[in-house]
Amino acid sequence: MEKRRGQATRQLQTTALIESLREHWESTDGASRQEPIFVDLLCGDGQVVFDVCEAFPKCRGLGLDLDLPTVVAAQAKAKFLGLDFRCQFRVRSRQADLSAASAVFLDMSPAQLDMASQE
């Protein structure tokens with residue numbers, strides 16, 4: 001039951017994100033008609049990157065995470081979904097070049113925020 005509730009919450013958040021991106025990209029000189037670049041910091045399984053790239057067929061997605069096995073799994077899922085040509089995943093530390101990004105996303109729990117602020 002708890003897992004389904006978490007999945008429903010995540011889907012609502014992703015839907016809200018996609019709507020926000022649509023509004024933003026459509027209001028910025030036609031950026032949605034070009035090839036926007038969406039970056040998800042701490043992407044985990046990459047699902048948000050996949051959802052955004054599926055919603056915006058011209059979008060390129062980049063997922064960054066600190067955990068190599070998680071990144072490898074996201075890369076495999078991208079290939080399975082046929083999105084590997086538009087969705088890339090990399091292991092990155094805090095110093096990532098985000099200058100080409102059209103949108104940067106970071107979803108952290110309160111516990112993760114506390115840990116990050118203590119480092």
Side-chain angles (χ1 to χ4, degrees):
M1 178 75 169
E2 189 65 34
K3 185 176 181 179
R4 276 191 266 151
R5 186 176 305 141
Q7 290 171 337
T9 299
R10 184 175 182 177
Q11 186 59 42
L12 286 172
Q13 291 170 334
T14 302
T15 300
L17 170 65
I18 288 169
E19 288 305 311
S20 294
L21 289 172
R22 183 170 284 115
E23 288 175 22
H24 173 68
W25 286 338
E26 288 177 356
S27 70
T28 54
D29 298 326
S32 64
R33 290 185 296 276
Q34 296 173 3
E35 290 188 357
I37 299 172
F38 174 79
V39 179
D40 184 358
L41 304 175
L42 298 178
C43 66
D45 65 2
Q47 190 61 51
V48 173
V49 175
F50 300 136
D51 290 344
V52 169
C53 285
E54 286 174 345
F56 301 98
K58 294 180 181 179
C59 181
R60 301 184 75 71
L62 174 61
L64 303 174
D65 206 284
L66 302 174
D67 183 59
L68 177 60
T70 301
V71 168
V72 170
Q75 289 169 332
K77 188 173 180 181
K79 188 169 185 157
F80 175 78
L81 294 172
L83 291 171
D84 54 320
F85 66 100
R86 289 194 300 128
C87 298
Q88 297 180 356
F89 297 90
R90 299 185 191 139
V91 176
R92 284 288 187 250
S93 66
R94 293 181 196 189
Q95 292 118 4
D97 180 8
L98 305 175
S99 61
S102 305
V104 178
F105 177 74
L106 175 62
D107 183 19
M108 293 180 78
S109 70
Q112 290 171 315
L113 285 170
D114 286 343
M115 282 181 20
S117 66
Q118 293 173 7
E119 291 180 5

I'd like a table of donor-acceptor pairs (distance under 3.5 Å, sequence neighbours excluded) in which one partner is a side-chain atom from residues 40-51, with atom names and distances.
unit_1	atom_1	unit_2	atom_2	d
D45	OD1	R10	NH2	2.9
D45	OD1	Q47	N	3.0
Q47	OE1	K77	NZ	2.6
Q47	NE2	D51	OD1	2.8

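The two residues C87 and A78 come nearest to each other via the heavy atoms O-CB, 4.1 Å. Heavy-atom minimum distance, C53 versus G61: SG-N, 3.4 Å. Minimum interatomic distance between P57 and A55 (heavy atoms only, all atoms of both residues): CD-O, 3.5 Å.
The structure places CZ of F105 at 9.0 Å from CG of L21, a figure rounded to the nearest 0.5 Å. Note that CD of E35 and OG of S102 are 10.0 Å apart. Values are rounded to the nearest 0.5 Å. From L98, atom CG reaches atom CZ of R92 across 10.0 Å, with rounding to the nearest 0.5 Å.
Note on F85 and F38: separate hydrophobic clusters, where clusters join Ile, Leu, Val, Met, Phe, Trp and Tyr whose side-chain heavy atoms are under 4.5 Å apart, directly or indirectly.
For residues 80-89, the pairs satisfying side-chain hydrogen bond (donor to acceptor under 3.5 Å, both in side chains) are Q88-R90, with sequence neighbours left out.
Taking the side chain to side chain donor-acceptor pair (under 3.5 Å) definition, one finds that E54 meets it with nothing, sequence neighbours left out. Looking at residues two or more places apart in sequence or on another chain, you find a side chain to side chain donor-acceptor pair (under 3.5 Å) between T70 and D67.
Put simply, the side chain of V39 reaches to within 4.5 Å of the side chain of L64, judged on heavy atoms.
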